[in-house]
There are 2 protein chains.
Amino acid sequence: MPIRPSDLDRVKALPLFAQASDELFRDMLGGGFLQKFPAGTTLLTEGDPVDFLYILLEGAVELEGTWNDKATTLAVLKPVSAFILAAVVLDSNGLMSAHTLESSQILMVSGEALRRAMMRDARFCFTVAQELAGCYRGVVRALKNQKLRGGMERLANYLISQQARCGGGETFALPHEKRVLASLLGMTPENLSRAFASLGDYGVSVSGPNVTIHRPVVLQRLAKPDALIDQAGPTGDTPASAAELERWTPEPARAVS
Amino acid sequence: MPIRPSDLDRVKALPLFAQASDELFRDMLGGGFLQKFPAGTTLLTEGDPVDFLYILLEGAVELEGTWNDKATTLAVLKPVSAFILAAVVLDSNGLMSAHTLESSQILMVSGEALRRAMMRDARFCFTVAQELAGCYRGVVRALKNQKLRGGMERLANYLISQQARCGGGETFALPHEKRVLASLLGMTPENLSRAFASLGDYGVSVSGPNVTIHRPVVLQRLAKPDALIDQAGPTGDTPASAAELERWTPEPARAVS
DNA sequence: CGCGTCATTGAAGCATCTCAAATGCGGTGG
DNA sequence: CCACCGCATTTGAGATGCTTCAATGACGCG
């Protein structure tokens, strides 16, 4: 499984690696694998030791946590994203399971090599710290989202974010199964259905995976999007969702309040 | 406001600074203040730029997030803890407000100086990355706690953690006002009261701030503590709570599953 | 002593979950 | 091409948990 140059370029385009020297970059990827996994493959199990940093190049990966036979989705990743960086930096075990939602191509980078590179190059180490800080802030947003908002409000804000991420047109597609979306938003599939139905009163119509927001202003009055919870503020510019953790890159210094 | 040597020692004992050279340490604290604040002082407001790393030496600080006129407590810090490290590393604005719960003594370290030190010393930078990774994992635990457990389960697990933190005796004291605890656990004060009352059936009695766990086994069967959510596993050894974010130091490699 | 805050208790309303059944859709095999 | 199957989604009804509003009791401080 040789790594294609075009894949290498995509990895190097990640903020995490963009500033690393070619030498450092080559060293790190020395002990790496590029692998394809079918949909539904479990990549990591909660509680197991983590030996590799995973980088998703194609497909989609779900991160989930479980307790007492219940499961909840903590994030859904799309390319290009690195995940479980925190466990790798601490050489610890994962707090969440990871499995593919679609057939996925994944680059696995040796955790050992990554930590060595960090110790060797302060600049790269700083970039990792920035990435981790960004991840941290992503989960803080998710926690605020969960504790401060109700189900319909979470859904409304998700739709507004997703719309921005899809280019801003009044109709766009949901990127995952509704069942996954429900778990991500912290509700049951039944409840998500009902929440979608209720949003009809706010000018939202749903047809399969396609959503149309007919009256954005009305929906926003319900959603009250917030720059400190949803990554894209009320004016909706920046992509990425509050819930899609880890995938977010260091924020611009002084983001809009 | 000169910094007393004894305070310096306490700061240097933080995992974050323990490995830094004396020179680096002195450089960083050059642009720092040591200040006392009365109870109820707002140190930081959500959304404002963050110019300093805060280190709590005495007292207690609450971190909270707000949305739509509702507020929720994200963490309660006790000495010695550094906070808002993530915002400092990204030179960004805070996602949460901070205010003192008691009269507190706080060391403020220049964010500029901290970032410079990181770029200069890969070893220190690595430690910061480890700290951030630990913080990240703390919030992930909190998010799982919030999404997967109900109110009584969260309280039961909190009590078990708190008991361990207080030395393991069957009677111990709650460290904060119940109103704050309720917000930390993601419920209303009324509901916390009822939850405490319900725990009577599980051998828990409450008298003011004092809690007694008469039948630990019964409570544990309800709580089902989990090493991947609560920092202390079922056997209860390590201190610190799932909800008290940021204050947690890098975990030992390979914590008990 | 009186005031204000915190904690507790009760009752009503709302949101969410669970269980159950019906609907709709895509894909397989005949 | 069509019938059938499996799965995701939807819908309904009842139970549960949580919130809100309101009132009372307990405590500490001026």
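The figures here come from the full heavy-atom set of this structure, side chains too, leaving out hydrogens, waters and symmetry mates. The chains referred to below are lettered A, B, ... by the order of the sequence lines, with proteins before strands, and numbering in each begins at 1.
- For the atom pair CD of A:Glu62 and NE2 of A:His176, the computed distance is 9.0 Å after rounding to the nearest 0.5 Å.
- B:Glu177 places its CD atom 13 Å from the C1' atom of C:dG4, with the value rounded to the nearest Å.
- The pair A:Arg149-A:Asp230 meets the salt-bridge criterion, with a side-chain N (NZ, NE, NH1 or NH2) lying under 4.0 Å from an Asp/Glu carboxylate O.
- Side-chain atoms of B:Thr212 and B:Glu170, non-hydrogen and from C-beta on, do get closer than 4.5 Å to each other.
- Using a 3.5 Å distance cut-off with no hydrogens or angles, the side chains of B:Glu46 and B:Thr66 do pair a donor with an acceptor.
- Proximity of B:Leu174 to B:Tyr158: side-chain heavy atoms (C-beta onward) are separated by under 4.5 Å at one or more points.
- Rotation axes derived from the C1' atoms of the five outermost pairs at either end of the helix from C:dC1-D:dG30 to C:dG30-D:dC1 lie 30° apart, to the nearest 10°.
- Spacing between atom CG of B:Leu181 and atom C1' of C:dA7 amounts to 13 Å, rounded to whole angstrom units.
- Look at CG on A:Leu199: it is 13 Å from P on C:dA15, rounded to the nearest Å.
- Here OG of B:Ser92 is found 4.0 Å from CZ of A:Arg137. Values are rounded to the nearest 0.5 Å.
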**Prompt:** In B/S/- notation, 5' to 3', how is nucleotides 10-21 of chain D contacted by protein heavy atoms closer than 4.0 Å?
**Reply:** SBBB----SBBB
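- The main-chain N or O of B:Leu57 is found under 3.5 Å from a side-chain atom of B:Arg10 such that the two form a donor-acceptor pair.
- Per the geometry, CZ belonging to B:Arg179 stands 13 Å off C1' belonging to C:dG4, to the nearest Å.
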Under 3.5 Å, side-chain donor or acceptor atoms of residues 192-211 of chain A against the rest of the protein: list the pairs with distances, not counting sequence neighbours.
unit_1: A:Ser198; atom_1: OG; unit_2: A:Arg194; atom_2: O; d: 3.0

